[in-house]
Amino acid sequence: MTTTTTTVSPERQSEVSSFAAMVATMAAIGGGLFGYDTGVISGAILYIKKDFPIEAATEGLIVSAVTVGALTAAMIAGVLADRSGRRLTNIAAGVIFATASLLCVVASSVPTLIAGRFLVGCGIGLTSVGAPMYIAEVSPARVRGTFVSLFQLAVTVGILLAYVVCAMLAPAAAWRWMLGLAAVPGLVLAIGMTFMPESPRWLVKQRRLEDARSVLGKINPHSNPDETLAHIEHDLALEGQGTWGELLQRSLRPALLVGIGLAAFQQVTGINAVIYYAPQIFQAAGFASNVTALAATAGIGVINVLATFIAIWLVDREGRKPLLVAGVTGMVATLVVLGLAFQGGVAGTGTGSLGYITVMCLAGYIISFAFSLGPIVWLMISEIYPLRNRAQAMAVSTASNWGANFLVSTTFPIVALRLGAAAVCFIYAGLGVLTLIFVIAKVPETKGKTLEEISKIWR
Ligand code: BGC
């Protein structure tokens, strides 16, 4: 099977991509909200605690409500994206982000605040299924990796913006503004998505062939939409009915194993121990003052954004697997060095040269994550499943990501306290080695293939 862009000249190809790039960028705004809303709570909670006298358990609920909401809504997204469409799933995410952020602004009681944060989480769950899937389905094969990586880029920008906004609003203790500002991009996402086309692949699934043909024509005006349509229809005809029950079928197992495995490994290798707890880690490493620890954390945020461009640049040239292997190797190496540094007790003795080992290792770890597991997991879970089962299978994979996220972010402080920082590094490094073996043994290369060609890998 050939891709539909093979006979198009380079100039026309870049013309072709600009419409799809605009569509991808619009959906990626959801990633920005995902990043912002997960990052903002670490700053906001300090001031929420001043306005509402709460116990540690309630504090934990306010912080983790987002993750629980994301996990729940990821499963709902599996139904919504199939029944009502990819576009509507992203519109719904925008509407929920906007209303839930406003609910947090006006919350006059802790239960309302928890409800608001849970709903924000629902927006994140919808976008983390809906956006990568939508982008993957509208993108030409040869740039799909770059376009879906825009989603991860937006996540990292959102995290960085959250750090900046929290730092700026901290003197005013304005936690309601910190949480409420997300309403603006939420609204932009909801309104912007109404102007975007529906995914042509979903339209084919609904037998709306004329609509699908017209969208394909817009996305890729110089290719033959009938040819692409025929490939999509052929692929659909070969698969089952697209029910949840089919996820248990033997034929889907290898793909599900890769998707669920990658999604969980992205989390259990410790990324959010760093993203959520960076200031504490820096303090444990000897950066005593809050200001230095926060500056180092902001540095991590900037590096996270910048290193994502490595993936945007290379993912469609070198492929997914080489980047995954290189990145996870880098994560393991930096974790081992950091573990050894903490084990020697040296990193905690002051801001001398050994304190900087922590900075160097965490920077190296974040760079390695940002060009590998960060973007490529969202990319691969949106492209490896056959169209029939894509929405459900992606929902299950995303739920596994949020489940593992919940596990890591809630256990990290306890494990670090009981076993020590060195042991935590070694545990994540060990899981990194398992990730590496998994990637090498199980993950297929999908670079340059159309979604319909990828689904053939599993037959
Ligand atoms: C992960 C998030 C993480 C973020 C960091 C995303 O790909 O899913 O859990 O916080 O990357 O950049």
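Fair warning: this is a prediction, and the values are worked out from it, not measured in the lab. Every number for a ligand or one of its atoms is a count from 1 in the order of the listing.
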- Could you walk me through whether Trp378 and Tyr134 pass ring-ring contact (aromatic ring centres under 6.0 Å, His included), step by step? CA-CA 12 Å; Trp378 295 111; Tyr134 175 74; over 10 Å; no

Taking [X] first and then [Y], would you say they form a salt bridge - that is, a charged N and a carboxylate O separated by under 4.0 Å?
X      : Y      : value
Lys205 : Asp82  : yes
Glu246 : Arg388 : no
Arg86  : Glu137 : yes
Arg390 : Glu383 : no
Glu318 : Lys447 : no

- Proximity to ligand 1 by part of Ile159, non-hydrogen separation under 4.0 Å: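 Contact part for Ile159 vs ligand 1: side chain (C-beta onward).
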
- Query: Purely on distance, is any nitrogen or oxygen of Asn304 under 3.5 Å from one on ligand 1?
  - Reply: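 Right, the criterion is met.
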
- Task: Could you tell me whether Tyr276 and ligand 1 have an N or O pair separated by under 3.5 Å?
- Result: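 No, Tyr276 has no N/O under 3.5 Å of an N/O on ligand 1.
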
- Task: Measure the shortest side-chain to side-chain distance between Met380 and Val443 over non-hydrogen atoms and say whether it is less than 4.5 angstrom.
- Result: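 Yes - at least one pair of side-chain heavy atoms lies under 4.5 Å apart.
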
What atoms of ligand 1 come within less than 4.0 Å of a heavy atom belonging to [X]?
X      : value
Thr156 : 12 (O)
Trp378 : 6 (C), 7 (O), 8 (O)
Phe369 : 5 (C), 11 (O)
Phe34  : 8 (O)
Gln267 : 1 (C), 2 (C), 8 (O), 9 (O)

- Once you round to the nearest 0.5 Å, how far does CG of Leu362 lie from OG1 of Thr297?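 Result: 9.0 Å between the selected atoms.
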
- Hey, is Thr38 one of the residues with a heavy atom under 4.0 angstrom from ligand 1?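 Thr38: no contact with ligand 1 (<4.0 Å).
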
How close does the nearest protein non-hydrogen atom get to [atom], and which residue and atom is it?
atom                   : result
atom 1 (C) of ligand 1 : Gln266 OE1, 3.5 Å
atom 6 (C) of ligand 1 : Gln152 OE1, 3.4 Å
atom 3 (C) of ligand 1 : Asn272 OD1, 3.4 Å

